[in-house]
Amino acid sequence: MTVITRFPPSPTGYLHIGSARTALFSWLYARKHGGRFVLRIEDTDRERSSEESVQEILDGMSWLGLDYDEGPYFQTQRMNRYQEVIDQLLDAGKAYHCYCTREELDEMREQQRARGDKPRYDGRCRHRSQPPQDIPPVVRFKNPLDGNVVIDDLVKGRITISNNELDDLIIARSDGTPTYNFTVVVDDMDMQITHVIRGDDHVNNTPRQINILKALGVEPPRYAHVPMILGEDGKRLSKRHGAVSVMQYRDDGYLPQALVNYLMRLGWSHGDQEIFTRQEMIDLFDISSVQRGSAVFNPEKLLWLNYEYIKAGKVDELRDHARWHFENAGINIDEQANWEEVFRVNQQRSKTLLELVDRSLFFFREIDGYDAKSVNKHFKGQAGEILVELRGQLEHVRSDWGK
RNA sequence: GCUCCCUUCGUCUAGUGGUUAGGACGCCGGCCUCUCACGUCGGUAACAGGGGUUCGAGUCCCCUAGGGAGCGCCA
């Protein structure tokens, strides 16, 4: 059996650091097992989806080096297929039309909450005999009434959920468009996904999806629910914790390999090893030894790792990653004669590429001014004479520069 | 509220019944050094709490507490 994993972002913003980690795990799993990695864009929410986001995600993945073997597929291009499966379910009596109004549903949920119950649809339209003419119906999936759903999760272990905790979820809206939990199932089925690796905010969706898969007569894939990444305050990582966009890290002068390394080590470890080459990641990473609990994102450690990568980096590779940063500073690094020497002096004292660029600038361009405060503090007394003298001395050592 | 999941230094983690509970980041200090660094040596700091099981529990079981997630015609 060929392993097929997938990464299904919705293009509603930047590529989030948490999504990137899940993508990395999926990619690693596929690469490790000689399988395929599928990219699928979940763009059914037309309101919030955008072309720019798609591009941003694509850029992020390529920057991280996460190449995919199939896709990108777009859900909006698969609408006919979803409709087909909905009809199939309807015909088989495994789904039904529901004419409940939002008001009616709200009221029902309110009563359930008041009773201390979990709000869920009570299936009142399952046997509706005379459909009202003026209400466009949604389609609901007939969830089994009893029994359990068991997930043998690759990271969480066995999870058992009782079917009476689940309700008849909507698989098609009143305008006919399919909903998330349904499209995921159809896509994973059609794309023959064997391993679903995703955030553990999806564990509660999993039993529903398994039930639909079973109704469709398909064997569910294996699941691996990886924990969320939290901010310093223990809350789910979000913008208020600082940078959460992958591309922001690129802009801030991080090396992709450092980010990838950090992300993989977050919630996973291999003995005392901290630094891994790409190949080691593929060989050593094991999804089933990912930590079960969530992990707090630690920017300091990422910074340290980045520093390690810069210190140990080959100058030409560093130059490739720093090229556009230099361009931003108005320097064409490829035209600089002594750039290698400059890199070698600075790479051991720069924690980011931005710092490296900053420290290198005065080697590459004329000084256009002095810091007033420092001038007042140091340029006094004999300082001028000494500097002139020093300059004279430097003329002689110039030919030995770097030796 | 209900359901599911989780719980070792501040943070990321090792640990699979017997360890002085190990490593890493951070922080503090020593050494190296004509500067800044690199490097290097050392220190700081944890098994959430309570019951069991066992000769012996961070490791197994139960309870409590705390945290996270989900409960949409969002994904």
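None of the values given here were measured: they were computed from a predicted structure. Per chain, numbering begins at 1; letters A, B, ... match sequence-line order.
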Does B/C25 have OP1 or OP2 under 4.0 Å away from a side-chain N or O of A/Y262?
no
Nearest to the side chain of A/I161, which nucleotide is it out of B/C4, B/C5, B/C71?
B/C4
Here's a test for you: under side-chain contact (heavy atoms from CB on, under 4.5 Å), which of A/Q347, A/E340, A/R344 qualifies with A/L318?
A/Q347
Partner nucleotide, any strand, of B/G58 [Watson-Crick/G-U, under 3.5 Å]:
none
Is there a side-chain contact between A/Q112 and the phosphate of B/C71, meaning an N or O under 4.0 Å from OP1 or OP2?
no
Pair assignment for B/C31, Watson-Crick or G-U wobble, requiring both distances under 3.5 Å:
B/G39
Can you check whether A/K235 has a side-chain N or O nearer than 4.0 Å to OP1 or OP2 of B/G68?
yes
Classify the side chain of A/T179 and the base of B/C73 as holding, or not holding, a donor-acceptor pair under 3.5 Å.
no
Per nearest nucleotide of RNA chain B, the residue lying toward the 5' end, A/R115 or A/E274, is A/R115
A/R113 side chain near B/U3 phosphate (N/O to OP1/OP2, under 4.0 Å)
no
Which nucleotide, in any strand shown, forms a Watson-Crick or G-U wobble pair with B/U16, with both distances under 3.5 Å?
none
Can you see if the side chain of A/S269 gets near the phosphate of B/A14 - specifically, an N or O under 4.0 Å from OP1 or OP2?
yes
Return the 5'-most residue of the pair A/G234, A/K311 with respect to RNA chain B, ranking by each residue's nearest nucleotide.
A/K311
Please give the nucleotide sitting opposite B/A69 as a Watson-Crick or G-U wobble pair, both distances under 3.5 Å, or none.
B/U3
Does the Lys NZ or Arg CZ of A/R21 fall within the cation-pi geometry relative to A/W268 - under 6.0 Å from the ring centre and within 45° of the axis?
no
Nucleotide of B/U3, B/C12, B/C25 approaching A/N204 most closely (side-chain heavy atoms)
B/U3
Ignoring backbone atoms, establish whether A/R102 has a side-chain N or O less than 4.0 Å from OP1 or OP2 of B/C73.
no
So, A/H195 versus A/F25, ring centres under 6.0 angstrom or not?
no
Could you check whether A/V138 gets within reach of a base, just the sugar-phosphate, or nothing at all, counting any heavy atom under 4.0 Å?
base
Side-chain N,O (A/R109) to OP1/OP2 (B/G72) below 4.0 Å:
yes
